[in-house]
Amino acid sequence: MGDPSEKKRRRAEDDTPKSKKKKSEGASAAMEFSITKVHTPQVSPPVVAVTPGFLLRDKHAFDVYEKVPQQANKRRKSGGIPQAPEMALHSSTHVSIDYTARETEQMLNHYLAIVDPKTKEIEIISAKKMMVRHKVRAQQEERKEPGEESAAQTNYERRTALGEEFGTRKAKKALKSVADNAIMASTDNLGQAENTMLQNVKEVFAKSATKEELQAAVDQVRPVPKGNYNAEHIQDVYIPREIIGSEILNAVPVMDWQEAVRNNEAVNVPSRFVAHRIARVAANKEDKERLQVLRYLLWVIILWVTTGKGRERGTKTIAKRDKLRELLSPAPEVVIENIRRKFSDNGVMRKEHMELLMTHCCVFASIIDNFEVNMNDLREDLKLEQKQLAQYFMEVGAQVKQSKAGGVMKHIAKLQLPLVFPKIRSGARR
């Protein structure tokens, strides 16, 4: 049998297609070079440098630093191979950047080849591979000689710390004034850059909004019903047809309540606030709008009471449409959808929806009770604490007061002009 390597070579030669192109005469003769010398310089060998992440554009002069290994003398005496010294380069010729080069891959030998095309000789020189890093030159502070000044500074800091911790009010005030004076004195010695920065900060604060502008912005985004805050009469501030809508309010049925009150029949509703006011409001035939607002308020309270816990934290879910029609019966479909969309987002009630519902209930209760509401019944219906309900009444501009009659404490919320809204809280004056 023949050698398999020969067969493989013959098959490779046979299968190789012959090129039809003519080869150039210069390529037919390969250039041959011979290595004449391998040179290992003893001082400052050439460097193969890499600059990862940046480009070293300018020509900079580098200073060479070498560190001779400690075991070098012992190895020479014992006849071992001497270890090459560790080398580093540093350049500070740039205006604001320092360059430092350190050796990498010390276990590998790197070489540079110098080719002479005339004599066809190659000289190989041992080189070092180094990586160049750059760093912004930090501003150096003037060094102070250690001595009595540093010791005095340490003792002063200790005394200051003790005074702030265990001193009297007068002593603490004196320490604070000293610190403030030191800060003011330090600002007088600032450089041009620091002064420019402080000037920019002053300009930014000069353009910032005032407290009145911030208060106006907060009032615009406050979760309250739409109101005419420039009205001259209190009944013109919150108008039911603007808050609910004329079409929705006209669709609220109240005929059955009026007939029941006319016939002295009881009307059962799941709300203490509504139950205690049906007879009084329905008896006034000329004020049908207030009775419609009362029934709309009843359906909003039922919507709130029947909510469940939502999937997300701090949210609630309202009942499904079929269940909601059953709970709000005999509310028309247009009224149900109005309530559902106003106080939820696809059936999910978030914080802003809850606050909007509470402030609507406060406004509706004020309209029904002639803008002076006893909050006890509404607090029981909404299942809130007294402080929470009082905060919602103050959000719509009401003033909350307490009164005691017959041993019973009453909390009264009164809407009157001018409306007083909660102010933005500011820190204590210094």
Side-chain angles (χ1 to χ4, degrees), residues 222-246 248-250 252-258 260-262 264 266-267 269-302 304 339 356-382 384 386 388-406 408-422:
R222 197 184 301 275
V224 296
K226 182 180 179 181
N228 180 19
Y229 303 113
N230 297 324
E232 297 181 357
H233 303 282
I234 189 61
Q235 59 269 19
D236 297 332
V237 177
Y238 295 108
I239 302 174
R241 293 192 175 275
E242 294 182 359
I243 298 173
I244 302 173
S246 300
I248 304 300
L249 194 62
N250 293 332
V252 176
V254 292
M255 189 67 68
D256 52 344
W257 281 8
Q258 290 176 338
V261 171
R262 192 181 304 114
N264 294 326
V267 180
V269 292
S271 169
R272 294 183 59 180
F273 183 88
V274 177
H276 293 165
R277 290 158 177 82
I278 286 181
R280 174 174 60 83
V281 179
N284 190 356
K285 298 179 181 180
E286 297 179 356
D287 198 357
K288 180 182 177 181
E289 183 179 287
R290 186 173 295 185
L291 187 60
Q292 290 173 327
V293 173
L294 183 63
R295 193 155 203 178
Y296 189 91
L297 172 61
L298 172 64
W299 291 333
V300 173
I301 293 174
I302 294 174
W304 170 253
I339 296 175
L356 189 63
L357 184 143
M358 296 301 173
T359 53
H360 272 75
C361 291
C362 294
V363 170
F364 295 152
S366 301
I367 294 173
I368 294 165
D369 282 358
N370 295 320
F371 307 102
E372 189 170 351
V373 185
N374 185 353
M375 298 189 297
N376 294 336
D377 292 340
L378 191 61
R379 184 187 71 244
E380 295 293 335
D381 291 340
L382 298 177
L384 297 175
Q386 179 61 42
Q388 293 176 320
L389 185 59
Q391 181 64 34
Y392 289 126
F393 268 103
M394 288 188 291
E395 290 291 339
V396 299
Q399 299 180 16
V400 180
K401 299 180 180 180
Q402 297 180 358
S403 63
K404 191 172 184 180
V408 179
M409 182 65 69
K410 294 182 180 181
H411 299 272
I412 307 299
K414 187 176 182 180
L415 271 177
Q416 60 182 3
L417 294 178
L419 299 180
V420 180
F421 295 99

For this session: Could you walk me through whether Val261 and Ile278 pass the side-chain contact (heavy atoms from CB on, under 4.5 Å) test, one step at a time?
Result: CA-CA 8 Å; Val261 171; Ile278 286 181; 3.9 Å; yes
Are any of the side-chain heavy atoms of [X] and [Y] separated by less than 4.5 Å?
X      : Y      : answer
Leu249 : Val293 : yes
Glu289 : Ile367 : no
Leu389 : His411 : no
Ile234 : Gln416 : no
Val400 : Gln391 : no
Ile243 : Tyr296 : no
Arg290 : Arg277 : no
Val300 : His360 : no

For this session: Verify side-chain contact (heavy atoms from CB on, under 4.5 Å) between Lys288 and Val252, making sure each step is shown before the conclusion.
Result: CA-CA 10 Å; Lys288 180 182 177 181; Val252 176; over 6 Å; no
Problem set entry | Heavy-atom pair with the smallest gap, counting every atom of Pro223 and Thr359 |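 Shortest heavy-atom separation between Pro223 and Thr359 comes out as O-OG1, 2.8 Å.
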Exercise. What are the two closest non-hydrogen atoms of Arg379 and Leu384, and how far apart are they?
Worked result: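 So the minimum-distance heavy-atom pair works out to CG-O, 3.0 Å.
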Donor-acceptor contact present, side-chain [X] to main-chain [Y], <3.5 Å:
X      : Y      : value
Arg272 : Asp381 : no
Tyr238 : Ser366 : no
Ser271 : Leu298 : no
Trp304 : Leu382 : yes

Exercise. Hey, is CE on Met255 packed in by over 12 heavy atoms from elsewhere, all under 6.0 Å?
Worked result: no
Exercise. Taking it one step at a time, do Ile412 and Asn374 satisfy side-chain contact (heavy atoms from CB on, under 4.5 Å)?
Worked result: CA-CA 5 Å; Ile412 307 299; Asn374 185 353; 4.1 Å; yes
Problem set entry | Test of ring centre spacing under 6.0 Å for Tyr229 and Phe421 | yes
For this session: For a side-chain contact (heavy atoms from CB on, under 4.5 Å) with Phe371, tell me which candidate from Leu415, Val237, Val363 qualifies.
Result: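 In the set Leu415, Val237, Val363, the residue that makes a side-chain contact (heavy atoms from CB on, under 4.5 Å) with Phe371 is Leu415.
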Exercise. With the threshold set at 4.0 Å, does a side-chain nitrogen-carboxylate oxygen contact exist between Arg280 and Asp287?
Worked result: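 Looking at Asp287 together with Arg280, the answer is no, because their closest N to O distance does not fall below 4.0 Å.
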